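Beneath this line is the structure, given in structure tokens, with notes to follow.
Within every chain, numbering begins at 1; the chains are lettered A, B, ... in the order of the sequence lines, protein sequences first and strands thereafter. Given the structure is predicted, the values throughout are model-derived calculations rather than measurements.
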Amino acid sequence: MQLQDTLSNKEQTLDISKKIKIYLCGVTVYDESHIGHARTIIIFDVLRKYLESKKVEVEFIQNFTDVDDKIINRATTENVSAQEISDKYIKSYFKDFDELNIMRATNYPKATEHIGDIIKFIEKLIDKEIAYVSKNGVYFSVSKFPQYGKLSKKKIDELQSGSRIQIDETKKDPLDFALWKYSGINPTWESPWGKGRPGWHIECSAMSIKYLGENFDIHGGGRDLIFPHHENEIAQSESHTGNQFAKIWMHVGMVTLGGEKMSKSLGNTKSIKYVLENWGPNIIRLFCLSGHYSKVIDYSEEILKENFSKWRQVETCYFELIHANNKNQENISEKIKKIGMKFDKSLENDFNTHLALSSFFELVKETNRLAAEEKLGEENSVIIKKEFQRILKILGLNIPEMSIDEKQKIDELISNREKFRDEKQFVQADKIREKLNEMNIELIDHKEKTIWMKKEKIKSEK
RNA sequence: GGUACUCUGGCAGAACGGUUAUGCGUGAGCCUGCAAAGCUUAUACAAGGGGGUUCGACUCCCUCGGGUACCUCCA
């Protein structure tokens, strides 16, 4: 599998004949997650589901940064403890992402639960004289890591001149960043240097190495983490271990709103809860997979509506497959096999989900065509269904199952309607159709039969 | 200002040095008691501007321009 690597700026080969270790930078838990977070996590979720569909073992670590100024600020404002804030939003995080059908990570380490590891990590950096203790905390000395800037392609002297932060006189160099900050405001921990809390970045170095080792396969996150977060992680980690850190750096493009980056600080976010309520998980997933992961995608109601139309076709396809019983059949196994191979090939070529989706829609279209031509028989449907469900599973799309009782009731109503139709009592027949519609059951009248499909309830549908 | 990414048909969005992307939308038709859904078919100067390399460029090179992101809050 080929993946574009931010560090080398080249496609690198991911050897999928062995176990794959992935570390994804998760969220700082001080507020509701938005659709931008969802995109990044959905991309990695599909990557993982694809790998696992190929029987590749994946160890997937995603952290929660649960100690941070913003958490503390929020806690102060709401007059509760920082932990209450982070707990609340971790809970909320899982609610959102379970609903989005995201597979749980192997582990979700939290910064606050790894303070000991972090302190040890910093101690080693001090021993190596790469970090130093100052009046305000412990700092990483950027000048001790000559390759600093290699990920974000920045030159150290340019960074210094363009630096927009106020110069902290206690630091040896304005670029040096905090590993440990002295602080009297809770939460704080004792350390060999004084009471305080860890800086941002250090938790990801300490935890990724702890769980995945010094040199793991993929380190990912949003593009906005390249600098300074990931740049600093590399500096700390490689100084610490003397080894190469992650093999491949994979960065997901931003979600914009009206061409502007969606971010909490700009206040132009669409929360996952909002979008879930209006469009549901499947359409969100289709939307997030509709462009190449490295590029920007723009959120708009129109584009969600477009994905809604796509989803309807997928649903139709599914229900056609379920009800397939035509006698005439075409031999389609070769065609389906080819589509499946194209789907896989697209994903293995820098994880091109959009191209993969176009193969998927070929399958959907082909099935719906056969159904329209009354050529979708049981044999075909078995072949197609296998591939259809394989792809659905990789993409994390989900058509809700129905109970047998429900199905029975629907079949009854349909056969009643058929009687009325045969007797040309269309008013009665339409009444039944109307009734089913209220149950979110849509009828498709074919020449030889009427089939039903359960439509997902979409609030924003017109 | 620096760095990176980006500019493809009404919209979204891919691949590829020479071939239909695909989807949405729109028009027409088929199916239907009517619908809906679906199918068929049609539709689009496609390539930010200008140069160059090449037998041939959307694809490579140069140049000019637009957009976005990052330059210590950020997925």
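- Checked against side-chain hydrogen bond (donor to acceptor under 3.5 Å, both in side chains), Thr77(A) has no partners two or more places apart in sequence or in another chain.
- Here Gln2(A) pairs with Thr13(A) under the side-chain hydrogen bond (donor to acceptor under 3.5 Å, both in side chains) rule; sequence neighbours left out.
- Contact check of residues 95-107 of chain A against RNA chain B (heavy atom, cut-off under 4.0 Å) returns no residues at all.
- Partners of Trp311(A) under the ring pair (Phe, Tyr, Trp, His ring centres under 6.0 Å) rule, at least two apart in sequence or in another chain, do not exist in this structure.
- Look at the P atom in both A21(B) and A42(B): the space between them is 12 Å, to the nearest Å.
- The side chain of Cys25(A) lies closest to A75(B), out of A75(B), U72(B), U22(B).
- Separating the CD atom of Glu302(A) from the P atom of G25(B) is a distance of 13 Å, rounded to the nearest angstrom.
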Query raised in the report: Taking it one step at a time, do Ile444(A) and Glu320(A) satisfy side-chain contact (heavy atoms from CB on, under 4.5 Å)?
Result: CA-CA 9 Å; Ile444(A) 302 175; Glu320(A) 292 289 4; 4.1 Å; yes

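- Not counting sequence neighbours, the partners of Asp5(A) by the side-chain hydrogen bond (donor to acceptor under 3.5 Å, both in side chains) test are Ser8(A).
- Using a 4.0 Å heavy-atom criterion, one finds that Val27(A) contacts the sugar-phosphate atoms exclusively.
- The CE-P distance, from Met262(A) to U68(B), rounds to 16 Å in whole Å.
- Under the ring-ring contact (aromatic ring centres under 6.0 Å, His included) criterion, the residue pairs touching residues 351-370 of chain A are Phe360(A)-Phe388(A), with sequence neighbours excluded.
- Atom NZ of Lys345(A) and atom P of A21(B) are 18 Å apart (whole Å).
- Other residues, nucleotides and ligands contribute at most 12 non-hydrogen atoms within 6.0 Å of the NZ atom of Lys431(A).
- Atom-to-atom, CH2 of Trp249(A) to C1' of A75(B) comes out at 14 Å; the value is rounded to the nearest Å.
- In this structure, the CG atom of Asp69(A) is 13 Å from the C1' atom of C74(B), given to the nearest Å.
- Closest contact between the side chain of Phe227(A) and the listed nucleotides C70(B), A75(B), A4(B) involves C70(B).
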**Report entry** Summary of protein contacts for nucleotides 32-39 of chain B, nucleotide by nucleotide, where a base hit scores B, a sugar-phosphate-only hit scores S (4.0 Å, heavy atoms)
**Finding:** -BBBBBSS

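- Taking atom NZ of residue Lys342(A) and atom P of nucleotide A21(B), one finds them 13 Å apart after rounding to whole Å.
- Distance noted for atom P between C7(B) and C60(B): 11 Å (whole Å).
- Aromatic pair Tyr93(A)/Tyr89(A): ring centres not closer than 6.0 Å.
- Paired regions of RNA chain B, where each region holds three or more successive Watson-Crick or G-U pairs whose two hydrogen-bonding distances fall under 3.5 Å, are B:1-7 with B:65-71, B:10-12 with B:22-24, B:25-30 with B:38-43, B:48-52 with B:60-64.
- Legend: residues meeting side-chain hydrogen bond (donor to acceptor under 3.5 Å, both in side chains) with Tyr30(A), ordered by chain and number and at least two apart, are absent.
- The nearest heavy atom of RNA chain B to Glu362(A) and to Leu266(A) marks one nucleotide each, and the one closer to the 5' end goes with Glu362(A).
- G13(B) and A75(B) have their C1' atoms separated by 22 Å, with the value rounded to a whole Å.
- When the P atom is used for both C58(B) and C16(B), the distance is 16 Å, rounded to whole Å.
- The aromatic rings of His229(A) and His201(A) are tilted relative to each other, their planes meeting at an angle between 30° and 60°.
- Nucleic acid contact class of Asn9(A) (heavy atoms, under 4.0 Å, all strands): sugar-phosphate only.
- Not counting sequence neighbours, Glu348(A) has no partner by the salt bridge (Lys or Arg N to Asp or Glu O under 4.0 Å) test.
- Taking the P atoms as reference points, U19(B) lies 15 Å from A47(B), given to the whole Å.
- Tyr132(A) pairs with exactly one of Asp176(A), Val138(A), Leu125(A), Leu179(A) by the side chain to side chain contact (heavy atoms under 4.5 Å, CB included) rule, that one being Asp176(A).
- The CG atom of Leu179(A) sits 14 Å away from the C1' atom of U72(B) (whole-angstrom rounding).
- Across all strands shown, Gly220(A) has no heavy atoms under 4.0 Å from either base or sugar-phosphate atoms.
- With Asp66(A) contributing its side chain and Ala111(A) its backbone, the two residues share a donor-acceptor pair below 3.5 Å.
- Rounded to whole angstrom, the span from the CD1 atom of Ile156(A) across to the C1' atom of U3(B) amounts to 15 Å.
- Place Ile226(A) and Arg223(A) on RNA chain B by their nearest nucleotides, and Arg223(A) ends up nearer the 5' end.
- Taking atom C1' in both U8(B) and U22(B), the straight-line distance is 14 Å, to the nearest Å.
- At a threshold of 4.0 angstrom between heavy atoms, the contacts of Ser152(A) are confined to the sugar-phosphate backbone, with no base atom among them.
- Remark: Lys153(A) NZ is packed, more than 12 non-hydrogen atoms of other residues, nucleotides or ligands lying under 6.0 Å away.
- Taking atom C1' on both nucleotides, U3(B) is separated from A46(B) by 31 Å, rounded to a whole Å.
- Among residues at least two apart or in separate chains, there is no salt bridge (charged side-chain N to carboxylate O under 4.0 Å, His left out) pair with a member in residues 134-146 of chain A.
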Enumerate all atom pairs, one protein N or O and one N or O from nucleotides 10-14 of chain B, separated by less than 3.5 Å.
from: G13(B); atom 1: O2'; to: His354(A); atom 2: NE2; distance (Å): 3.0
from: A14(B); atom 1: OP1; to: His292(A); atom 2: N; distance (Å): 2.7
from: A14(B); atom 1: OP2; to: Lys295(A); atom 2: NZ; distance (Å): 3.4
from: A14(B); atom 1: O3'; to: Asn352(A); atom 2: ND2; distance (Å): 3.1

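- In this model, a donor atom of one side chain and an acceptor atom of the other lie less than 3.5 Å apart for Lys273(A) and Ser92(A).
- G48(B) and U68(B) have their C1' atoms separated by 15 Å, with the value rounded to a whole Å.
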